[in-house]
Amino acid sequence: MLGPLVLFMPHLAEVRRAGLRAYGTLAQRYVREFDDKWLRGRAPAGEPLIGSSDIQSLADLANSFESGPEHALGPVR
């Protein structure tokens, strides 16, 4: 049953690693820009922290990034 899937496993693993790298790069950039804006005082004057979607976006990004490694390459974990 798993025999045919084994043929695709190296490619699936490669694509998964590439996706995690790309997503990690995006996450790293977002965190760096968030840090610059909100923690280093570079937010535009008058922009309130309360009500900003930046914090929710950061939380969503963290949650989706954390769930990535849980996904198996095949039907069996």
Next on the checklist: Rounded to the nearest 0.5 Å, what separates atom CE in M9 from atom CZ in R16?
Outcome noted: 10.0 Å
Checklist entry - So do V15 and F8 actually touch side chain to side chain, heavy atoms under 4.5 Å? => result no
Item to check | Residues in side-chain contact (heavy atoms from CB on, under 4.5 Å) contact with Q56, at least two apart in sequence or another chain | outcome: A59, D60
Item to check | Gap separating the OG atom of S52 from the CG atom of L58, nearest 0.5 angstrom | outcome: 10.5 Å
Item to check | R40: partners by salt bridge (charged side-chain N to carboxylate O under 4.0 Å, His left out), with sequence neighbours left out | outcome: D35
Next on the checklist: Once salt bridge (charged side-chain N to carboxylate O under 4.0 Å, His left out) is applied, do any residues pair with R21, and if so which ones, sequence neighbours excluded?
Outcome noted: none
Checklist entry - salt bridge (Lys or Arg N to Asp or Glu O under 4.0 Å): which pairs involve residues 41-51, sequence neighbours left out? => result D36-R42, K37-E47
Item to check | ring pair (Phe, Tyr, Trp, His ring centres under 6.0 Å) involving Y23 - partner list, sequence neighbours excluded | outcome: F65
Checklist entry - Looking at OH of Y30 and CG of D54, how far apart are the two atoms once the value is rounded to the nearest 0.5 Å? => result 4.5 Å
Checklist entry - By side chain to side chain donor-acceptor pair (under 3.5 Å), which residues pair with R29, not counting sequence neighbours? => result E33
Item to check | Listed partners of L49 passing side-chain contact (heavy atoms from CB on, under 4.5 Å), at least two apart | outcome: W38, I55
